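Below: one structure, written as C-alpha cells.
The model shown is predicted, which means the values in this text are computed figures rather than measured ones. Chain identifiers are assigned alphabetically (A, B, ...) following the order of the sequence lines, protein sequences preceding nucleic acid strands; residue numbering begins at 1 within each chain.
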Number of protein chains: 2
Amino acid sequence: MVFTVEGTLDAMRLKVLLVERAGPPYQGSWALPGGFVHEHEDLGQAAARELHEETGLADVYIEQVGAIGTPGRDPRGHTVTVVYVALVPADRHPLQASGDAAAARWFEIDRLPPLAFDHVRLLDDARAHLRRRLGETPVAFELLPGAFTLSELQSLCEVILGRPLDRRNFRRQVQDAGFVVPTKGRREGRHRPAQLFRFAPKAFERYMQDAGELPF
Amino acid sequence: MVFTVEGTLDAMRLKVLLVERAGPPYQGSWALPGGFVHEHEDLGQAAARELHEETGLADVYIEQVGAIGTPGRDPRGHTVTVVYVALVPADRHPLQASGDAAAARWFEIDRLPPLAFDHVRLLDDARAHLRRRLGETPVAFELLPGAFTLSELQSLCEVILGRPLDRRNFRRQVQDAGFVVPTKGRREGRHRPAQLFRFAPKAFERYMQDAGELPF
DNA sequence: TCAAAAGTGTTTAGTTTACACCCATGC
DNA sequence: GCATGGGTGTAAACTAAACACTTTTGA
C-alpha cells in the first residue's frame, strides 16, 4: 500500500495508490496493489517487486504493517496477506499501470471508491500504523521531498495525526531537536519565501538515542 | 512465542517457553513453539492451536508481532513465519509437551540455550514489540494473576522495560489512572501485607480514550 | 495596498522527577 | 527486635500549551 502527499500547507492531502483489477476476482474494482511472493524471495522484496510491476514505482521506502489470514477474505481460496506500506515523496510519483493492473491512480484517502476484498480494513490498519510510527521513526521525511519547509512538515504531521498543531511550538521543537538543517534554498510562491530544510539522518539517530520519541 | 513471569518483586524474571524439537530439522534443539497454518484457519487461531498442541496451554492472550520470510531461514524450504506472542499469567502455567515437541520448558529470557532456525532474532523482535506495547495496551495485566500488588506490577514493568522505576511516582500514577482497583485481599509474606488490586478493563478504556498512553 | 504565508518569545499550567522516613508483619 | 518489603507527600525542574503581531513577497 503506497502513500504519498500532495498539495501544500493546509491543503495538503494524504493519498493512497489504487490499481484497477484487470482480471477476476473483483475485475474492474479498485484495489490495493499486491500479489504473491515468489519462491526464495524475501517479503519486503516481493512487496517492492509487485509495486514496481503494477505501477512503475521503484526505490521506495517500505515498512511492514502485519499479516492477516482470515478465512474467506479471498474468493480464490485461503490466502495470507502480509501488508506493507510504502511511502513516496511528494515530488515524484510517476505512475504506469501494468501486470495485474489495468490502471493505477492516486486517491485522496478520504474520497475512495469501493474497494475489492477486505482492503478497506487493511487501509485502516495501515493508517493507524502510520500514525503510531510518525512519532517513532522518520516516516515523515520519506513522504516529503528532499528539501521542504517547516510549514510543509507541520502540515504533513497534521494530516497523518488528524489534528492541528501549534505553529510556534512545532517550529521550536523541530528546530531544537536538530535533525532538520536549513539549506540555502527557499521555497517561492505568491507570498514571503520560506526557508528550506533537509532531514539529517545521523543527527536523527543521535536524537532518538536519548529522547526516545519525536516531538510530534 | 509465550511469555510469562515468575518470582516476586526484584527477583521477578521474564520467562519464555521453548520446546525441544522431536524431529528434524534441528532435532533435539530448543525452539519456539509453532507450526503450520491449516487450510481455512485464521492466523491467530492457528497460533493458539499449535500452542495448545505442543504445550497444553489454552485460552491465553495472543498478539501478532509480524511476519518474516527471509529465504534460507528454514532448511525445509522457503517458509513465511507469522510471529505471535502469547502472555500467560504468572500463577498458572502447567506444561505438557506433545505433538512436534519432545519437551516444553520455561527458560529465563537471559539464560537461553542455543535456539533452532532464526529464533533468536524472532525473540528479539518480540521483546521489542512487548516493550513498545507495554505503554499502549494492557499487556502487563495479561501477565499478572487476577489479583496483584502494586509492587508486583511495578516489578513486571521494570523487567519488560529493562530500567528501574521510582516507587512512589509509579504508585501515584497508576492509582490516579484509576484502572487498578483495590480488592479485599492482601498478599501475606514475611513482612507487612500488601494491598491486592485487580485490573478494571472498562476504566482502562476510558483512561486510554483521553490519555492516549499508559503512565509507564 | 492587499492577500497569503513566514517568522518570532514569553508566560502559564501541567507533568515528571527526585528524594527519606515510618509502618506492619513474620521470624 | 530485626529484617523485609509496604506505604506515603512535597518541592524543584522541566515540558507542553496557549497566545498575536510583524515581515516579506507576488499580484
Original post:
Is there a donor and acceptor pair, one atom on the side chain of A/Asp166 and one on the base of D/dA16, closer than 3.5 Å?
Top reply: no
Original post:
Has the side chain of A/Arg167 got a donor or acceptor that lies under 3.5 Å from a partner of the other kind on the base of C/dG7?
Top reply: yes
Separation of [X] atom [atom1] from [N] atom [atom2], in whole Å?
| X | N | atom1 | atom2 | value |
| --- | --- | --- | --- | --- |
| A/Asp176 | C/dG9 | CG | P | 12 Å |
| A/Glu158 | C/dA5 | CD | C1' | 14 Å |
| A/Gln195 | D/dT25 | CD | C1' | 15 Å |
| A/Leu196 | C/dA6 | CG | C1' | 12 Å |
| A/Leu153 | C/dG7 | CG | P | 13 Å |
| A/Phe170 | D/dA18 | CZ | C1' | 17 Å |
| A/Glu188 | C/dA6 | CD | P | 13 Å |
| A/Arg168 | D/dT22 | CZ | P | 13 Å |

Original post:
For B/Ser151 and D/dG5, is the shortest distance between a side-chain N/O and OP1 or OP2 below 4.0 Å?
Top reply: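 No.
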Subject >> Salt bridge flag under 4.0 Å for residues A/Glu136 and A/Arg133 >> reply: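 Result for this pair is yes, salt bridge flagged.
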Original post:
Which distance, rounded to the nearest 0.5 Å, do you find between the CD of A/Glu188 and the CG of A/Leu196?
Top reply: 9.5 Å
Identify which nucleotide among [options] has an atom closest to any side-chain atom of [X], counting heavy atoms from C-beta outward.
| X | options | result |
| --- | --- | --- |
| A/Arg192 | D/dG6, C/dG7, D/dA18 | C/dG7 |
| B/Arg190 | D/dA27, C/dT8, C/dG26 | C/dG26 |
| B/Asn169 | C/dG9, D/dG6, C/dA18 | C/dA18 |

**OP:** Could you check B/Gln173 against A/Pro193 and say which one's nearest nucleotide on DNA chain C is further toward the 5' end?
**Re:** A/Pro193
Original post:
DNA chain D: A/Gly189 or B/Ala194, which has the more 5' nearest nucleotide?
Top reply: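 Of the two residues, B/Ala194 wins.
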**OP:** Let me know, please, whether A/His191 or A/Arg172 comes out on the 5' side of the other along DNA chain D by nearest nucleotide.
**Re:** A/Arg172
**OP:** Could you check if a side-chain atom of A/Arg73 sits within less than 4.5 angstrom of a side-chain atom of A/Thr79, using non-hydrogen atoms only?
**Re:** yes
**OP:** State, yes or no, whether a side-chain contact exists between A/Pro215 and A/Tyr207 at a heavy-atom distance under 4.5 Å.
**Re:** yes
Original post:
What do you reckon, is CZ of B/Arg121 surrounded by more than 12 foreign heavy atoms closer than 6.0 Å?
Top reply: no
